[in-house]
Peer 1: 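Structure incoming, see below.
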Protein chains: 2
Amino acid sequence: MPKSLDIPQISDAEWTVMRVFWERGEATVNDVVAALEGFTDWKPRTIQTLIRRLHQKGALAHEKNGREFLYRPAVDERDCEHAASRSFLTRVFDGRLTPFLATFAERESLSDEEIAELRKILERNTRDS
Amino acid sequence: MPKSLDIPQISDAEWTVMRVFWERGEATVNDVVAALEGFTDWKPRTIQTLIRRLHQKGALAHEKNGREFLYRPAVDERDCEHAASRSFLTRVFDGRLTPFLATFAERESLSDEEIAELRKILERNTRDS
DNA sequence: CTTGACGGATTACGGATGTAATCGTATTCC
DNA sequence: GGAATACGATTACATCCGTAATCCGTCAAG
């Protein structure tokens with residue numbers, strides 16, 4: 001997967017589909033239908049549409065596999081997560097991380113484990129920089 | 001402003017407008033147009049449309065003020081921020097905060113001040129709970 | 001070979017969004 | 001009071017999104 005620099009816009013429903021591909025590495029439409037069975041109520045046609053759109057956007061690559069296509073991610077998961085995070089922070093918090101965490105922690109109590117994990121992430125980053 | 005429990009969906013462009021109202025408390029369409037002058041390239045009509053939609057959605061209240069309307073926020077800023085945060089985390093990170101911060105810190109270096117602030121937020125939350 | 005089933009491509013369709021222009025009405029300046 | 005002006009309301013329109021159904025071609029079973 002080329003470290004893609006231009007991350008396509010991935011919609012809500014599309015994120016659900018992409019996560020399947022990032023978990024499996026590759027899959028056919030039917031694989032995804034099976035994977036989402038019981039998790040969403042989407043008809044197979046709907047899932048096929050989402051996959052096709054993701055392919056058009058360049059988020060999925062596909063190769064012919066007999067009569068059907070085998071799809072695989074064409075964009076990096078972390079890259080997409082980061083792009084979505086940036087976009088969200090820009091939209092809602094003027095691009096800043098601390099106000100986000102402040103509001104979030106004010107509204108939802110963080111568990112002790114969560115806090116410990118978050119601290120660890122910060123420490124890791126302190127050392128590295 | 002009633003601590004609104006049902007937060008309307010606020011779009012990207014609408015967030016830009018709402019922030020003006022949250023900063024000022026109240027404003028007319030023209031006030032917002034003036035406030036966004038140089039910040040966006042939106043025509044006055046565009047801004048008026050956004051404000052009208054926000055009013056329809058219940059995000060803004062208005063009262064007649066002479067020939068024009070005086071608008072004010074009808075939803076709490078923190079509530080909206082929190083709702084948007086929840087929605088984002090659910091979409092991209094399976095609803096979990098730590099993977100978000102992990103990916104974010106991996107992709108962008110946090111400044112020492114930022115890290116200090118984040119730590120403080122965590123501490124505050126530890127004691128309180 | 002013919003036919004049916006399955007898979008991809010095309011088409012559908014309503015709501016949200018970005019981005020306005022025009023229409024209608026009321027106020028204000030002569 | 002009539003005309004210009006300034007607002008809000010209505011209308012516009014392309015694109016994206018959620019959610020499919022239908023059409024079309026090919027592979028497989030008989």
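Below, read A as the first sequence line, B as the second, and so on, with proteins coming before strands; counting in each chain starts at 1. When reading the values below, keep in mind they use all heavy atoms of this one structure, side chains included, and skip hydrogens, waters and symmetry mates.
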Peer 1: Using whole Å, what does the distance between atom P of nucleotide dC23(C) and atom CD of Gln48(B) come to?
Peer 2: 16 Å
Peer 1: Rounded to the nearest Å, what distance is computed from the CD atom of residue Glu14(B) to the P atom of nucleotide dA16(C)?
Peer 2: 11 Å
Peer 1: In whole angstrom, give the distance that lies between atom CD1 of Ile10(B) and atom P of dT17(C).
Peer 2: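 My rounded result for the distance is 10 Å.
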Peer 1: Just how far, in rounded Å, is P of dG8(D) from CG of Asp31(B)?
Peer 2: 11 Å
Peer 1: Is the closest basic N to carboxylate O distance between Arg72(A) and Glu63(A) below 4.0 Å?
Peer 2: yes
Peer 1: Would you please name every residue forming a side-chain contact (heavy atoms from CB on, under 4.5 Å) with Phe69(A), sequence neighbours left out?
Peer 2: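 In terms of side-chain contact (heavy atoms from CB on, under 4.5 Å), with neighbours along the sequence ignored, Phe69(A) is linked to His62(A), Lys64(A), Tyr71(A).
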Peer 1: For Ala105(A), is there any backbone N or O sitting under 3.5 Å from a side-chain donor or acceptor partner on Asn125(B)?
Peer 2: yes
Peer 1: What is the distance, to the nearest angstrom, from the CD atom on Gln56(B) to the C1' atom on dT11(D)?
Peer 2: 13 Å
Peer 1: Are Lys57(B) and dG15(C) close enough that a side-chain N or O sits under 4.0 Å from OP1 or OP2?
Peer 2: no
Peer 1: State whether the distance check finds a donor on one side and an acceptor on the other, under 3.5 Å, for side chain Arg45(A) versus base dT19(D).
Peer 2: no
Peer 1: Any salt bridge between Lys120(B) and Glu123(B), counting N to O under 4.0 Å?
Peer 2: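 Looking at Glu123(B) together with Lys120(B), the answer is no, because their closest N to O distance does not fall below 4.0 Å.
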Peer 1: In whole Å, what is the span from the CZ atom of Arg67(B) to the P atom of dG24(C)?
Peer 2: 18 Å
Peer 1: Which nucleotide sits closest to the side chain of Thr49(A): dC7(D), dA20(C), dT19(D)?
Peer 2: dT19(D)
Peer 1: Need one value for Thr46(A): base, sugar-phosphate or nothing, where a base atom within 4.0 Å counts as base even if backbone is also close, heavy atoms only.
Peer 2: base
Peer 1: Which sits closer to the 5' end of DNA chain D, Gln9(A) or Arg52(B), going by the nucleotide each is nearest to?
Peer 2: Arg52(B)
Peer 1: How close or far is atom C1' of dT11(C) from atom NZ of Lys43(A), stated in whole angstroms?
Peer 2: 19 Å
Peer 1: dG15(C) C1' sits how many Å from Arg53(B) CZ, rounded?
Peer 2: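 Taking CZ of Arg53(B) and C1' of dG15(C), I get 11 Å after rounding.
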